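Note sheet for the following structure.
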Protein chains: 2
Amino acid sequence: MITGIKFKVNDSLYSRDPQDTDLGKRILNSSIILIDEIGLESFTFKKLATKIQSTEASVYRYFDNKHQLLLFLTSWYWQWVQYLISIHTMNVDDPIKRMKIIIKSVINATSENALTEYINENLLHNIIINEGSKAYHTHDVDEENKHGIFSSYKELAEVIAQAILAINADFPYPHSLASNLLEMANNQIYFAKHLPRLTDIKVPKGDLSQLEEMIEYFVFRLIK
Amino acid sequence: MITGIKFKVNDSLYSRDPQDTDLGKRILNSSIILIDEIGLESFTFKKLATKIQSTEASVYRYFDNKHQLLLFLTSWYWQWVQYLISIHTMNVDDPIKRMKIIIKSVINATSENALTEYINENLLHNIIINEGSKAYHTHDVDEENKHGIFSSYKELAEVIAQAILAINADFPYPHSLASNLLEMANNQIYFAKHLPRLTDIKVPKGDLSQLEEMIEYFVFRLIK
DNA sequence: TTATTGATGATAGTAAAACTATTCTTTGTA
DNA sequence: TACAAAGAATAGTTTTACTATCATCAATAA
């Protein structure tokens, strides 16, 4: 287990980098717990400030608003997944094996050991499942995209797209399949939990093996 | 062209059925225009009231809050798509042909002629693309789901799942493929418009033929 | 040592959003 | 003729989403 890793996230994702200070780390730690608990809509900086025994004004010094905080968390998450993929595929040459590791990493990111003390990756994965798509479904996407806000997600998609092409260089839709893999993985977990009619898998006690099997089925049937 | 069709939507989707009165129809009509224009986050009942030259209090008689309004609109939309599918597949027996019509209907719903005077289906499709996933990504999903709020979406997914099984009765993931088809279709349009690195298709001047081709490729490669 | 700065806390305030309540007017219907 | 129902007008309340100011404390540079 490596601790104390700090990801370099885009400047536009914060006012002051929360990874640099004690208060910043408490903001990250507690906001993840609180958003998971009450949902993004009910989450406010005031409630967060109370929870960490600080003040609203202090939280605002780190993030302009809760949308920026969500962007930070999602960006951090996707960087983390990319990091996991890179270490797990480091010595793997077979493209099929590489793809299986990618799928495993995307799905089971959560069951990895903790990378930092101030981010609970399990809860963060829940937040990505529940609220992740709200990060880019905003009226200001184009503006935010210009500032590179979504680059960690796009980079991860690119890594997956290249892995797809390594298996079948003629596959016509590598980027669409990559983004769909990422979206589908989280969506199907959400459906299994809340709208089971929309899926065929189950996630008994958080066991994601059925999802992994299904995603493999989809991906390899498409690209081979 | 049939006008004046009224969908019977779930009681929990409104306080008073907006399809019954003139003001209700103006609320539907203008909220679609306004949400499309400024986005759901900036949309308020006050702004809507000003636009339709009514009052905030009057809007609140129809919908408890903007989330309920969004639920109404999405539910209406998916009922509409199901309606389109049912009339277009009415006399079609070949399951492959049926599936192609389903895909076409889901994707090109928007280019159909208008069904009602008070709902602009083109703009509504935009709203579904931009904001649709927020309808069920809420902390109260389970509660809302109990009230049947998402039944029109689930029914549509079931129709598609059955069409999948009609082609290949042994396909192991009909519901997951159905929900993924619906999600993917809208997502890939969104990506083409705003995050083009995440897709391989283009939507030149709103022409969705590349998307249709891709969805067909995915679906038939998976189920055949 | 002292002065400076940077981070945080404490306090207070504003504007808008998200509602609720009451009363009045109109209009269609028994 | 009356009598509901729908909507308009008006006026509130609470919460959210901020902004501003000033005091305090700790680290560090002069």
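The sequence lines fix the lettering, A, B, ..., with proteins before strands; numbering per chain opens at 1. Note that the structure is a prediction, hence the values are computed from the model and not measured.
For Arg16(A), the side-chain atoms get nearest to dA7(C) when compared with the rest of dT19(D), dA7(C), dT20(C). The side chain of Tyr60(A) lies closest to dC18(D), out of dA9(D), dC18(D), dC19(C). Among the nucleotides dA8(D), dA17(C), dT8(C), the one closest to the side chain of Leu23(B) is dA8(D). Out of dT16(D), dA17(C), dG7(D), the shortest distance to the side chain of Thr44(A) is found at dT16(D).
In this structure, Arg61(A) reaches the bases: a heavy-atom distance under 4.0 Å links it to at least one base atom across the strands shown. As judged by a 4.0 angstrom heavy-atom cut-off over every strand, Phe45(A) is placed among residues making no nucleic acid contact. Nucleic acid contact for Tyr62(A): sugar-phosphate only, since backbone atoms but no base atoms lie under 4.0 Å from a heavy atom of the residue.
Glu56(A) places its CD atom 11 Å from the P atom of dT19(D), with the value rounded to the nearest Å. As rounded to whole Å, 15 Å separates atom C1' of dG6(C) from atom CG of Asp22(A). Ile52(B) has its CD1 atom 10 Å from the P atom of dG7(D), to the nearest Å. In this structure, Leu48(B) atom CG and dG7(D) atom P are separated by 14 Å, rounded to whole Å. Distance Leu69(B) CG to dC19(C) P: 12 Å, rounded to the nearest Å. Between Asn65(B) atom CG and dT15(D) atom P there is a gap of 16 Å when expressed in whole angstrom units. Atom NZ of Lys46(A) and atom P of dA10(C) are 14 Å apart (whole Å). Atom P of nucleotide dT20(C) and atom CG of Asp64(B) are separated by 8 Å, given to the nearest angstrom.
A tilted orientation is assigned to the rings of Tyr190(B) and His194(B), their planes being inclined by 30° to 60°. The aromatic rings of Tyr173(B) and Phe218(A) sit tilted relative to each other, their planes meeting at an angle between 30° and 60°.
Closest-nucleotide positions on DNA chain C for Ser58(A) and Phe43(B) were compared, and the one nearer the 5' end corresponds to Ser58(A).
Considering only heavy atoms from C-beta on, His67(A) stays 4.5 Å or farther from Lys134(A) through its side chain. Side-chain atoms of Ile27(A) and Leu23(A), non-hydrogen and from C-beta on, do get closer than 4.5 Å to each other.
A close approach under 4.0 Å does not occur between any side-chain nitrogen or oxygen of Ser54(B) and OP1 or OP2 of dG7(D).
Side chains of Ser152(B) and Tyr77(B): no donor on one and acceptor on the other come within 3.5 Å.
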